[in-house]
Each structure stands twice: as structure tokens, then as C-alpha cells.
Amino acid sequence: MKTVWKKRNQVGVIMTILCVSVFLLNTACISKERKSVVLELKQGTLSLIPLNRNTVRVQFAQSGSVPMQELIYTEKSSIPEYKVTENDKSMILSLEGISVEFDKGTEALTFKDANKRIVLQEKVGGRFMAASSIQGEATFQVEQHFVSPKDEYIYGTGQFQDGYLNIRGLSRRLTQVNTQIAIPFILSNKGYGLLWNNYGLTDFNPADESIELVPVSASGEAVTVNATSTSGNVKETRQTYSFTASLEVPHSGRYSLLLDVGQRMARKYYLTIDGDKVFDVNNLWLPPTTSAIVELTTGKHTIEVQGERNDKPVLYWRPVSEETVFRSPVAQSLDYTVFAGNGDEVIASYRELTGPAPMMPLWSLGYIHCRERYNTQAELLENAREFRNRKLPIDMIVQDWQYWGKHGWNAMRFDEDRYPDPGKMLQELHDMDMRLMISVWSKIDTQSEIGKQAKENGYYIPGSDWIDFFNADAAAFYWQNFRDGLLKYGIDAWWQDATEPENDDLQNRRINNRQTPGEVYRNVYPMYVSKTIYEGLRKDDPDRRAMIFTRSGFSGMQRYAAATWSGDVGHDWETLRRQIAGGLGQMATGLPWWTYDAGGFFRPGNQYTNTGYHEQFIRWLQAGTFFPLMRVHGYMSNTEPWRYGEKVERIVARYLDLRYRLLPYIYSQNAAISFKGSTLMRPLVMDFPEDSRALEQKHQFMFGPSVLVAPVVEGGISQMKVYLPECPAGWIDFWNGTSYKGGQMVDVDIDLAKIPLFVKAGSILTLGPTKQFTSEDTEQPWEIRIYPGANGAYSIYEDEGNNYNYEKGQFCIFELSWNDTEKTLTISDRKGKFTGMKKKITFNVVMVSPQSGTGVYQSTPDRTVTYSGKSMVVSL
């Protein structure tokens, strides 16, 4: 044993190094230091870094590795207590909630939870790192293989358009493009989460076998379509071309396929194997890659791909095996973090380390109305007033792009010819208790006044008109103009559009004032944008709670009050299904705020009279009622509900009422997201990890802890099958109070005004009065619905809703507890206070049954009580 000085991460530390013979030609030196355990292996340095009670970061570096700037972790957590034990065969690092065992023979790591149950294992020989280069600069390729047993279900990697929720064995390429959000995080039913710490392109389960397809012919007539681009509305003439190839597989089995169309964006996904269709998806814009898992038999197969004539499609394939693989072609170390625990424990731990999500404003949780686009100040205000006249609840109206008009793209000012007095427009909206969100881009017209200054100062990413947010001076310049041009009007929320930057635009470019290859930070541009805006708002508009709405995201971005949406998608049933699966995939990565363009962004030309589309629109909106944010949007559309006729407007109004009635429940979950690291829109793995049938559901999800949502995702049906997860006390139908056992598939009758909703028995569902806007001061009572069958509890949170006083402790909480045996509801003492807190609240308490406590609106109460903040017991 010897004591040496060693420098790690530029911090001098004293370490004791113990060298233990691992096998004949290799020696592992185990270095115990305060922050980590370092193992010197023949191939490189393996570091195990405890981050908190149930989290360990793993880094493997080789000679020449340069430490990267830390972007994901806030590094505010104290170093947890841990111990290291070892024998001739292994070394074990143990924390309260996780342990890591290093096998001295194989050099593979095994991760166990607090109960010493194996949750994850590296595959023997599965660690890979090799020197490489990018744009002439030294880098490394890194790859790690993990064991994945057959009964594992894996979720995450962000929002993708391939329609898969369980992605075990699926190949995905993680890049940022319109409609795709790449987040290198997965969540497993085996009791772990894994964050792959890399800022560039990452391949998940990369497929190394490939075939290039050859163009055969054009098929169908050329079609001219209206599309969007980074310079506005455009027309494109498109014609479908056919590409073919022959694929030979060595043995029968399941294969993962990844189709790369060979352009930055696709227009169509169409793949057949031996004439059998694998997928057929059309949209005006699609990500360049998509994936599927198929069964193939031994031998040759004929492949056909259809696409745009400039496509150069390549089909990648690999057998599905019992492993999960991460690969990054640009890295300085092999770097990943393992979180042990159930879904909530994993996400809470991730947020503890990467930053909590700030509270969203109360008004952002109401209805957000958007269209592409309002063309004048008068037009926007006219429609805002019409919402109020028709008694349709709304909290925010959105001004989409091109309000800058003659001043140039994203000039950060209104065109006075069409918006003569933006300040007055905001005042009129605020007088109606309505908020405004406005679209601001990360690109600026180089010929605009601001653009000329940015160009002169070198603030663009070379070869583009995207601002180089990696350059601190460029980011500061952007914020200064943002603040001076727009902040003064009192605008409430900020729609940071196209923050990928659009369509993976960092590839082959230089960033940070030309100092760095864009590939190094290829996926983190959206986080830099949100960081710039959030920190600017906290500094220059400190009294108002920030809300940022953005089209792309990355791990850690939740700390910047950023919400995402699914981009420029179509409107059909398959697209709806894929959005729900994509949103749930993002929820599994720890970014809690998401929605979509309800009704689809691209819509049919006859949308106002097309009853088939009306059904689709209603189903999109009904599902969106139970998303973290509820929003409608549509391209070249007047999306207001009354445009579609009285029937559609009536159903929309019903679901707006339901959304607003759920506000006490939703806002309390808003607090749970911020204070406890919780998740509102919950893939079923978070609550039912042991229920394999629940894990197979791609479109059902939990809305908070109590409500099971089963969106209607196909047309023309009057009945659908819903899986009720295993739950000891069972489930109760929200609409009719009927009780069901868990662990079964049930047939549910539906109509156009109803989607299946079930509440977990033992739940306490708090419903407020109907409102026209979230802050409406009404003396109408709350309704507390008790769903009998088990004991239950719910924590109610309240604050001012629109500022940061909650960070100073100005909020209140009270607990609701249901004793099912005694049939008593206990309401606790109210803890805390804030300005404007009501001294008394009237509660209508209802025991749910087929005769009472069902549907959207108030029921006849079993008891009515007045709560003044003191503990009370209500007997039913």
C-alpha cells in the first residue's frame, strides 16, 4: 500500500491506492477519494462517482480525454455517505439506495437497489472507447452494452414519431429535429433509470448492418402542398418515388430496423418487406429516421421504400437480443449515470441532481389557444373577446410568427402597420383576464437591424442565420434585444420556436465563435436557448413567474421553466397515436411539461365542414385535456371552437369545463413536480411496474396519482377495450360510478362526448368550480369526491400562482385523508400562508357511487362543510 498525489478534474486530492491482481496480465488500482472511487485499468481509468443516496455516475476515460463542461448536473448536492468493500473477486461501492459491484475478473459493473436486487448489469466486454476525430479535432467514439432480460420494458429517449413506447431492442438515432426531441435517458420496469451523459448524436441500440436502396420509378401524380420553413410559408411540389433492395438475414427472429431517408427531413415513411407493409406515415415534415421491430425468416427479402425523389434511403438492421446499447461517435469519455428505484424515485433523484422544475404559472394550466396565425392586433383582440362572449374558458391566447412583418424575420418588434399599439393590446387582454404568449425564434434575419449587428459581431453560427448561443456574448446580445424590444409590453409567456436549431443544423458547423465543432454539442442547443431566456427573465422580470414554450429539449432543461410540444404534425388517427406514445416517452425522461397541437398542425382544407375531421379534432382535444398543458394549434387555420359548428363547440366547452374543474388537483401536482420531483402525465410503468399487461399499453396513462386516461385513438367506434391495471381496491368509472376489479381488460361504451376515464379506488379527487379563467374569484364551493374501496390521501397546495414568493415559503398546504372503514374524511390544519389566501373554503363532500359524484359537473353533496384552516373530521 502506498500514498500518492493524484489530480482529478483539476482538483488536487490525496488518495490511497490499493493495487489488486485482477487477472494474469492486468492489474486494477482502486483509488479511494472523497468524491469517487477510481479504478486504473489496463484500457483506461474507470471512475465510480456517488451523486446521491440512490445514484452513481460512471466515467471511463483514456489518455487524451479532456474533461467536458458540465451542462446537465447542477452539482449543488452534497456528497453522500458511502462505503467500499472488496475481496479477491470484486469491489463493491455501497450507498443507502444503490450499490455497484466491480468484477475484478470481467471488469463489468453490476448495479443493485436498496434490497440488493440486481437492477442493471454491464455486459461482459461491452465497454468500448477508441480515438477518433471530428472536423480535424481529436475526439473519441464510446459505446456501452448492458444486459437486458426478456421481461424488461424500457421507456424514454424523448419524443419520437415511430409510435413505440416500450423501446427495448428498438434502434433510435438521437438527433434534434422538428417533431423529434432527443433526450438520452431511459426508465426501466426493472427499477432503474439511466442517463447517457453525452451532448452529441447518440445511437440507441445501433444497427450496424445496412443496405442502400436503389431508385426504381416515380409513382402517382405530383402534388403541390403548403408547408412551413424557417423563412415562412412555402409551397412544395412533391412526387413519390419508389426505392428497392434485397435483404438477406442469417436466421429467423425479431429484427430492429432503422430507416434513414438520406435527407435532413423526410416527407413520408413507407416500408414493405415482401409486400407486407411495415409502416406508412405521411406528413409535410418528418424526422429523417424512423424505426420498427419485425419478425423475419431466414433468407432473402424484398424491400421497398417510398419517399421523395431526392431521398437516398438506407435501411439499417440488427437482431433483437438481450442487450441495450448506447453509442456516441463524439465524446471525451464514456459517461453514464444509474438511478435506482421506482419511477418516481428515479425521476425525483434525477431532478435533485439536474435541477428542480420551477412552478408553472397557474394561468398556464388553463386553456392555451393558438392558431397560425393572427395577422393583426384587431384580429387577435376580436377573437379574444369572442371567447369571453361565448363563455368558453381560456387563459392564454398566442401570437404566432410573422408579427414582425416589414422589419424582418424575428426582428423582436411588432410591425406597426398591423400592430399599432402592442402595449394597449396587452392591456386589453389583461383587462379580460387573458394572457399573451408570443413566438420568438433563435434565428434572426441577417438583413434586419438586429441581424446586421449580430453579423458584424460574429454572433451567428457560420453558414446559418441561427444565433450562436454557445457564445456567451452572442447569448447576451440576443437577450438584450429580446428585453429591449419585447419585454416592455408585459407579454406573459415566450414561445421559443425551432430551438433544435431546426433540423439538426449544427452538423458540420463550428460553434462558440468557431472554436468548437458543432457535433460536440449537437443536441444541447435548445437548453442553451432556454437558459438564456429563463435567466434573463429572472433578472429583468423577477416578479412574474416565467413560462417558456419550446419545440426541442435536453436533459436538465426542466430547471429553466421550459415546456415542449410535439412540433408540426399531421391530424390523422395514426399521428394522434404516435403523439401520445411520444409524449409518454418524454415523460419517462424527467422533463415534465409537454403537449401537442390538438387537432394537428397540418389540417385538411375542408376542416370546418368535414365531420370526419371533427371527430378527430374532438378526440385530440379530449386527450389533451389530460396533458400537462392543454393547447390547440393549426396551420393556416382559424382554430377557434365555434368555427366547427355548434356540436363541436358544445363538446369542447364540456372538456374546457372539466380542465378548469380539475385545477385544484392539477395545481397541487404542479407543486409536486417542483417540490417532490413528481410527474403529472405518467406512463403506466411509473405506477404499475410489475403488471406486464399495463406495461404493454402505448396510449393509456395516469393523470396524476388517481386518474386513468384511455384516449380514443380510432374513428367510428362506440365501444373500446380499456386495460385496468392491477390495483387491489379496483377502479371506478368517472362517468357512471361503476366499480371494476383491476388486472382486466374491459369493454367501455363511448360516444363522441366521452372518453374512458377511471379513478383508482381510494382516491380523493378535488374539483373546483367551473371558471372562465384560472384566477377568477368565485365563491362557489369545491367538490371533494371520495372514491371508496380503500384508504386514501391527497395533499392540496395553494399559492399566489403568478410569482416566485413560493420560493420564500409563501404558500399553504393541507392534507385530505380518507378512512374507508370508518367512512371519515379528515382535513388537516392548513400549514403556511400567502397573500390573498382565502380564510374559508366551502367543500361539498361526495361519496362516489352510480347515483352520485359522476361526470363533469357538481353533484348533490353528502355533506357540505366550511373549512377555515383548522383540522376537521367529516363523517359520511
Side-chain angles (χ1 to χ4, degrees), residues 153 155 163-166 189 343 573-574 576-585 587-588 598 615-616 618-627 651 654-655 658-659 662 665 679-763 765 785 787-790 848-850 853-856:
Y153 292 78
Y155 309 85
Y164 284 80
L165 183 54
N166 172 25
N189 70 313
W573 295 109
E574 178 60 23
L576 171 59
R577 291 189 284 270
R578 290 172 183 247
Q579 300 326 297
I580 296 170
L584 291 170
M587 293 302 98
E615 181 185 9
Q616 292 176 351
I618 287 168
R619 297 310 191 192
W620 279 76
L621 183 124
Q622 289 169 334
T625 304
F626 302 95
F627 290 173
I651 295 173
R654 186 186 197 201
Y655 279 83
L658 178 55
R659 177 76 179 193
L662 284 165
Y665 178 79
T679 302
L680 175 54
M681 183 183 180
R682 305 169 63 82
L684 297 185
V685 66
M686 302 195 78
D687 296 283
F688 310 100
E690 305 296 330
D691 185 345
S692 61
R693 293 181 74 187
L695 298 176
E696 292 165 1
Q697 306 306 311
K698 294 197 298 184
H699 308 120
Q700 293 182 205
F701 57 91
M702 292 296 292
F703 185 61
S706 302
V707 182
L708 176 70
V709 183
V712 180
V713 293
E714 59 181 307
I717 61 173
S718 58
Q719 189 180 76
M720 63 180 279
K721 291 188 178 297
V722 176
Y723 181 70
L724 301 179
E726 294 175 358
C727 176
W731 299 87
I732 298 174
D733 191 310
F734 175 83
W735 300 107
N736 60 33
T738 303
S739 296
Y740 295 86
K741 292 182 179 179
Q744 64 168 330
M745 193 74 74
V746 297
D747 292 318
V748 180
D749 292 331
I750 59 172
D751 56 38
L752 194 57
K754 187 173 76 171
I755 66 169
L757 298 173
F758 292 85
V759 182
K760 189 185 296 184
S763 295
L765 195 60
R785 292 187 183 177
Y787 290 82
V848 174
S849 70
T854 62
V856 173

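Keep in mind that the numbers below use all heavy atoms, side chains included, and drop hydrogens, waters and symmetry copies. Residue numbers start at 1 and run along the sequence shown.
Annotation: the span from Lys741 atom NZ to Leu724 atom CG amounts to 12.5 Å, rounded to 0.5 Å.
In this structure, Trp735 contributes its side chain and Ile755 its backbone to a donor-acceptor pair below 3.5 Å. Using modelled atom types, one side-chain atom of Asn189 and one backbone atom of Tyr153 make a donor-acceptor pair closer than 3.5 Å.
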- Query: Between Leu752 and Glu615, is a side-chain contact (heavy atoms from CB on, under 4.5 Å) present by the stated rule, with each step listed?
  - Reply: CA-CA 7 Å; Leu752 194 57; Glu615 181 185 9; 3.8 Å; yes

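Under the 4.5 Å side-chain criterion, counting only non-hydrogen atoms from C-beta, Val713 is not in contact with Met720. Between Leu695 and Phe688, every side-chain heavy-atom pair lies at or beyond the 4.5 Å cut-off. Here the side chains of Phe758 and Val722 are in contact, with some heavy-atom distance below 4.5 Å. Looking at heavy atoms from C-beta onward, Asp691 lies out of side-chain contact with Leu684 at the 4.5 angstrom threshold. Under the 4.5 Å side-chain criterion, counting only non-hydrogen atoms from C-beta, Tyr740 is not in contact with Ile732. Between Leu708 and Gln700 there is a side-chain heavy-atom pair separated by less than 4.5 Å. Contact check for Met745 versus Arg693: side-chain heavy atoms found under the 4.5 Å cut-off. Taking the side chain as every heavy atom from C-beta outward, Arg785 and Tyr787 approach each other to under 4.5 Å.
The two residues Thr854 and Ser849 come nearest to each other via the heavy atoms CG2-O, 3.5 Å. Here the closest heavy-atom approach between residue Leu584 and residue Arg682 is recorded as CD2-C, 4.1 Å. Residues Pro683 and Met587 come closest through the heavy atom pair CD-CB, 3.9 Å. When all heavy atoms of Tyr665 and Ser706 are compared, the closest pair comes out as OH-N, 3.1 Å. Contact detail for Ala729 and Ala790: the closest heavy-atom pair is CB-CB, 3.6 Å. The heavy-atom pair separating Gly704 from Met702 by the smallest distance is O-CB, 3.5 Å.
Ring-plane geometry between Phe701 and Phe627 is classed as tilted, the angle between the planes lying from 30 to 60 degrees on a 0 to 90 degree scale. Note on ring orientation: taking the six-membered ring where Trp is involved, the planes of Phe703 and Phe626 are perpendicular (angle over 60°, cut-offs 30° and 60°).
Of the charged side-chain nitrogens involved, at least one lies within less than 4.0 Å of a carboxylate oxygen, so that Glu574 and Arg577 count as a salt-bridged pair.
Gln616 and Arg619 share no side-chain donor-acceptor pair at under 3.5 Å.
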